[in-house]
Amino acid sequence: MTATSLVVLENVNKHFGELHVLRDINITVDRGEVVVVIGPSGSGKSTLCRTINRLETIDTGVIKIDGEPLPEEGRGLARLRSDVGMVFQSFNLFAHKTVLQNVTLGPIKVRKQSKAQAEKRGWELLDRVGIADQAEKYPAQLSGGQQQRVAIARALAMDPKVLMFDEPTSALDPEMVQEVLDVMTSLAKEGMTMVVVTHEMGFARRAANRVVFMADGQIVEESTPDAFFTQPTTDRAKDFLSKIL
Ligand code: ADP
Ligand code: MG
């Protein structure tokens, strides 16, 4: 851990009943770093993401965001949680709000911005993800790729310190995957700190500083994308790569 560490997990353990879903997880994500998390289905990747903004509690260990341990509850938790943006596989947009309202709701309600302030920034963010022309539409009128770009703009509107992506392209038709990956790649280039669970190996190679390979709730390998893809050291990583590449 260094002074620039934004997300730190120390010896994090979590069970679902008998299932030991996170086993002694240690991860450090530095400011501006892009960490891609990969691993077989059921290995604990989503649970890991969800613990980082306390959608799930942990049994033991410590999670720190920008040096501050996640508190159990209360106002401190709300604040730290809003430092961690989340983009899910299933978009999770508000169906009865327009695209622009989806992006401005959090800043108005949680960040206490004025409507005008939130809308100005909302337009900028929609423009940044290439979708300003859809601002007055409702989510159902948009393609999946467009909806996911709205979800990214909505997360950015809260000015998070780190953005978590949990398989953001897995629910998309193949022709829409790239437009979402392009937005993510440009965020990475602009220095956004990101933790990305994905099976998109092209993105991992292009944008990741580090790849974390999980299996059975443990971090099995951690290396640069180049080293991971060309010289995986464990049998589990070799086996996984042989199935997806
Ligand atoms: P991944 O995202 O890598 O596919 P998950 O974190 O979703 O893995 O799940 C890890 C394991 O925990 C799986 O065996 C899954 O069935 C289990 N699990 C996930 N969420 C719950 C829950 N809320 N209650 C019980 N078991 C769960
Ligand atoms: Mg998952």
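Counting from 1, the numbers follow the sequence of the chain as shown. First listed ligand is number 1; within each ligand, the first listed atom is number 1. Bear in mind the structure is a predicted one, so any value in this text is a computation, not a measurement.
- Note that CZ of R50 and CG of D166 are 8.5 Å apart. Values are rounded to the nearest 0.5 Å.
- Short contacts between ligand 1 and L19, defined as distances under 4.0 Å to a heavy atom of the residue, involve ligand atoms 11 (C), 12 (O), 14 (O), 17 (C).
- Counting heavy atoms from C-beta on, the side chains of S223 and F229 never come closer than 4.5 Å.
- The closest approach between any non-hydrogen atom of G17 and ligand 1 is not below 4.0 Å.
- By the 4.0 Å heavy-atom criterion, G39 is excluded from the residues contacting ligand 1.
- Taking the six-membered ring where the residue is Trp, F240 and H199 present tilted rings, their angle falling between 30° and 60°.
- Counting heavy atoms from C-beta outward, H20 and N13 have side chains that approach closer than 4.5 Å.
- Of the protein's heavy atoms, at least one falls inside 4.0 Å of atom 4 (O) of ligand 1.
- Per-residue contacts place S43 under 4.0 angstrom from the following atoms of ligand 1 (heavy atoms of the residue considered): 1 (P), 3 (O), 8 (O).
- Counting backbone and side-chain atoms alike, Q89 contributes no N/O/S atom closer than 2.8 Å to the Mg ion (ligand 2).
- Ionic pairing of R236 and E221 is not present here: no N-O contact between side-chain nitrogen and carboxylate oxygen is shorter than 4.0 angstrom.
- In the candidate list G42, P40, G44, G42 is nearest to atom 13 (C) of ligand 1, counting heavy atoms.
- Minimum interatomic distance between N102 and V150 (heavy atoms only, all atoms of both residues): CB-CG1, 4.3 Å.
- A salt bridge does not link R128 with E124: every distance from a Lys NZ or Arg NE/NH1/NH2 to an Asp or Glu carboxylate oxygen is 4.0 Å or more.
- Close contacts between ligand 1 and V21 involve ligand atoms 10 (C), 11 (C), 12 (O) [criterion: under 4.0 Å to a heavy atom].
- The pair R111-D159 does not meet the salt-bridge criterion, since no charged nitrogen lies less than 4.0 angstrom from a carboxylate oxygen.
- The ligand atoms of ligand 1 that sit less than 4.0 angstrom from a heavy atom of T47 are 5 (P), 6 (O), 9 (O).
- Remark: ligand 1 and K45 share an N or O pair separated by less than 3.5 Å (distance only, no angle test).
- Looking from atom 19 (C) of ligand 1 to the surrounding protein, the closest heavy atom is F16 CE1, 3.4 Å.
- Atom 7 (O) of ligand 1 has its closest protein heavy atom at S46 CB, 3.6 Å.
- Distance screen at 4.0 Å: atom 22 (C) of ligand 1 has a protein heavy-atom neighbour inside the cut-off.
- Both V34 and I152 belong to a single network of hydrophobic side chains, linked directly or stepwise wherever heavy atoms of I, L, V, M, F, W or Y lie under 4.5 Å apart.
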